[in-house]
Amino acid sequence: MKKIIIIPDSFKGSASSMEVCRCIEKGVLKVFKNAEIKKIPVADGGEGTVDSILYAAGGNIRKIKVRNPEGKIVEAKYGIINKDKAVIEMAEASGITLVDDKNRNPLKYSTYGTGELIKDALNNNIKEILIGIGGSATNDCGIGMASALGYRFLDKDNNELEAIALNMIKVKYIDDRNVDKRIFDIKISAACDVKNTLYGENGATAVYGKQKGVTKESFDILDNGLKNIASVVKEKFNKEIDYIEGAGAAGGLGGGLLAFCNAELKSGIDAVLDIIDFDDHIKDASLIITGEGAIDGQTKKGKVPVGVARRANNIPVIAIVGDIRDGAEAVYDFGIISIMPALKRAMPLDEAIKNSKMLIEDAAERACRFISINL
């Protein structure tokens, strides 16, 4: 019996990763009727990461009350796997969807709620945490998160500052005497696919600030605030987070996790594959089928299909996609042996979205018929 792994990303706007899995499975079974199929819906650290990982690895959802970016109490969830691994989406506590889209003011926002999620995981004897750091409303370099873990941020007169983005520029000292030391006894990985540094023209504020509500008046306050936190971190901990790729993710939370939690920044898909023990899942597999909504030259930079192919251990990998765009052929150098488009003919976008599930199923069947002679 053939063992086939189905591990796609979502087709954004038309089908979730779980729906894509089911459609591909139907197409596969039309050709390989007795195949052993393992479905692994994945996300790369953004929205849907907790749900997809829990499906793949098993586990439970835990819900707690935390502070959102504005300090209001909201309910947030995270996942627990095997009683000792946690999967957190920072957007659950500090995401842009939690704030008023018409009156955004990142100067007053904080990642405190993300720290509360981490703290709760520690209280549940978690030994490993994966944090997806996409979709943030915040631009505070993670000082809010750190505050929830016991760090105190002081001004030049040793007065404690509220851990919001506005006050980053005022921080002169960091007091870590009351930090929850358990944070240094566990493994923390941040799923991060952006390469932005902390500040400057390629930094958090310049690249992502506008969508969060950053104005001409607040830009320098925030960008110089991030620079100041990096300087104080270097003086206090002898860590340089200024120019590390990914430090600017989630408004500098990437850098904050490095500085305050000794976290490791990983590509989103690699972090996800690690925590679900992907290498064990694919043992004895004959074929891996991955996919995404559109494949192009950017896919090679750590998106799901290439991330999967890199870890395939010489198992053939094919990609089923909604659209093939310029530069897609680059993925062949990373282990994907073939790309199968879902579209059978030219059609309007709304028609393709409406019929996406049928088209994905059909593409999976066509792909399997092409390769059936070799399996």
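These numbers come from a predicted model, not from an experiment. Values below: all heavy atoms of this structure, side chains included; hydrogens, waters and symmetry mates excluded.
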Show me the donor-acceptor pairs, under 3.5 Å and distance only, between side chains in residues 245-257 and residues at least two apart or in other chains.
none

| query | Below 4.5 Å, heavy atoms only, C-beta onward: do Val66 and Ile64 meet side chain to side chain? | reply | yes
| ring-ring contact (aromatic ring centres under 6.0 Å, His included) involving Phe260 - partner list, sequence neighbours excluded | Tyr151, Phe153
| said: Checking the side chain of Ser94 only, and the main-chain atoms of Ala91 only, is there a donor and an acceptor separated by less than 3.5 Å? | reply: no
| Residues which pass salt bridge (Lys or Arg N to Asp or Glu O under 4.0 Å) with Lys83, listed by chain and number, not counting sequence neighbours | none
| remark: Joining Ile, Leu, Val, Met, Phe, Trp and Tyr whenever any side-chain heavy atoms lie under 4.5 Å apart, the cluster holding Ile73 also takes in none
| request: Quick one: name the residues clustered hydrophobically with Val194, using the 4.5 Å side-chain heavy-atom rule over I, L, V, M, F, W, Y, and just say none if it's on its own. | output: Val207, Tyr208
| query | Checking salt bridge (charged side-chain N to carboxylate O under 4.0 Å, His left out) for the pair Asp223/Lys227: CA distance, chi angles, key distance, verdict? | reply | CA-CA 6 Å; Asp223 209 45; Lys227 186 175 182 179; over 6 Å; no
| task | Using a strict cut-off of less than 4.0 Å between a Lys/Arg side-chain nitrogen and an Asp/Glu carboxylate oxygen, indicate whether Glu36 and Lys2 qualify as a salt bridge. | result | no
| query | What's in the same ILVMFWY side-chain cluster as Met18, cut-off under 4.5 Å, chained through other members? | reply | Tyr55
| field | Residue pairs, two or more places apart or on separate chains, that pass ring pair (Phe, Tyr, Trp, His ring centres under 6.0 Å) and touch residues 211-253 | value | Tyr199-Tyr243
| request: Using a 4.5 Å cut-off on heavy atoms from C-beta on, say whether the side chain of Val87 contacts that of Ile81. | output: yes
| query | Any idea which heavy atoms bring Ala93 and Pro69 closest together, and the distance? | reply | O-CD, 3.3 Å
| request: Run the numbers on Ile4 and Phe32 for side chain to side chain contact (heavy atoms under 4.5 Å, CB included), then give the verdict. | output: CA-CA 10 Å; Ile4 298 175; Phe32 303 121; 3.8 Å; yes
| Strictly by modelled atom types, are Lys187 and Asn262 linked by a side-chain donor-acceptor pair under 3.5 Å? | no
| message | According to salt bridge (Lys or Arg N to Asp or Glu O under 4.0 Å), who are the partners of Asp274, at least two apart in sequence or on a separate chain? | response | Lys266, Arg311
When the side chains of residues 169-180 are checked against the rest of the protein, which donor-acceptor pairs come out under 3.5 Å, sequence neighbours left out?
unit_1, atom_1, unit_2, atom_2, d
Lys170, NZ, Asn167, OD1, 3.3
Asp175, OD1, Arg177, N, 3.0
Asp175, OD1, Arg177, NE, 3.0
Asp175, OD2, Arg152, NH1, 2.7
Asp175, OD2, Arg177, NE, 3.3
Asp175, OD2, Arg177, NH2, 2.8
Asp180, OD1, Arg182, N, 3.1
Asp180, OD1, Arg182, NE, 2.9
Asp180, OD2, Lys119, NZ, 2.9
Asp180, OD2, Arg182, NE, 3.3
Asp180, OD2, Arg182, NH2, 2.7

| request: Name all residues meeting the side-chain hydrogen bond (donor to acceptor under 3.5 Å, both in side chains) criterion together with Lys357; count only those two or more places apart in sequence or in a different chain, and write none if there are none. | output: none
| said: Are Leu107 and Leu222 packed together at the side-chain level, in the sense that at least one heavy-atom pair is separated by less than 4.5 angstrom? | reply: yes
| said: Treating Glu89 as the side-chain partner and Val50 as the backbone partner, does any N or O pair qualify as donor plus acceptor under 3.5 Å? | reply: yes
| Distance, nearest 0.5 Å, that separates CG of Leu161 from CE of Met168 | 12.0 Å
| request: Could you check if a side-chain atom of Leu287 sits within less than 4.5 angstrom of a side-chain atom of Ile5, using non-hydrogen atoms only? | output: no
| remark: So CD of Glu25 and CD1 of Ile37: to nearest 0.5 Å the spacing works out to 4.5 Å
| query | Using 4.0 Å as the upper bound for N to carboxylate O, is an ion pair formed by Arg104 and Asp101? | reply | no
| note | All heavy atoms of Asp84 vs all of Ile126, minimum pair found to be O-CG2, 3.5 Å
| field | Glu361 and Lys30 ion-paired at < 4.0 Å | value | yes
| task | Could you tell me whether Glu75 atom CD has more than 12 heavy atoms of other residues or ligands within 6.0 Å of it? | result | yes
| field | Side chain proximity check, Val321 to Asp323, heavy atoms < 4.5 angstrom | value | no
| query | Regarding Thr111 and Thr138, is there a side-chain donor-to-acceptor distance under 3.5 Å anywhere? | reply | no
| remark: Quick note, side-chain hydrogen bond (donor to acceptor under 3.5 Å, both in side chains) partners involving residues 58-70, not counting sequence neighbours, are Arg62-Asp120, Arg67-Glu116
Check residues 332-353 and write down every donor-acceptor pair under 3.5 Å in which the side-chain atom is one partner and the other belongs to a residue at least two apart or another chain.
unit_1, atom_1, unit_2, atom_2, d
Arg345, NH2, Glu351, OE2, 2.6

| request: Side-chain contact test, heavy atoms from C-beta onward, threshold under 4.5 Å: evaluate it for Ile276 versus Ile40 and give yes or no. | output: yes
| query | Side chains of Pro41 and Val20: closer than 4.5 Å at any heavy-atom pair? | reply | no
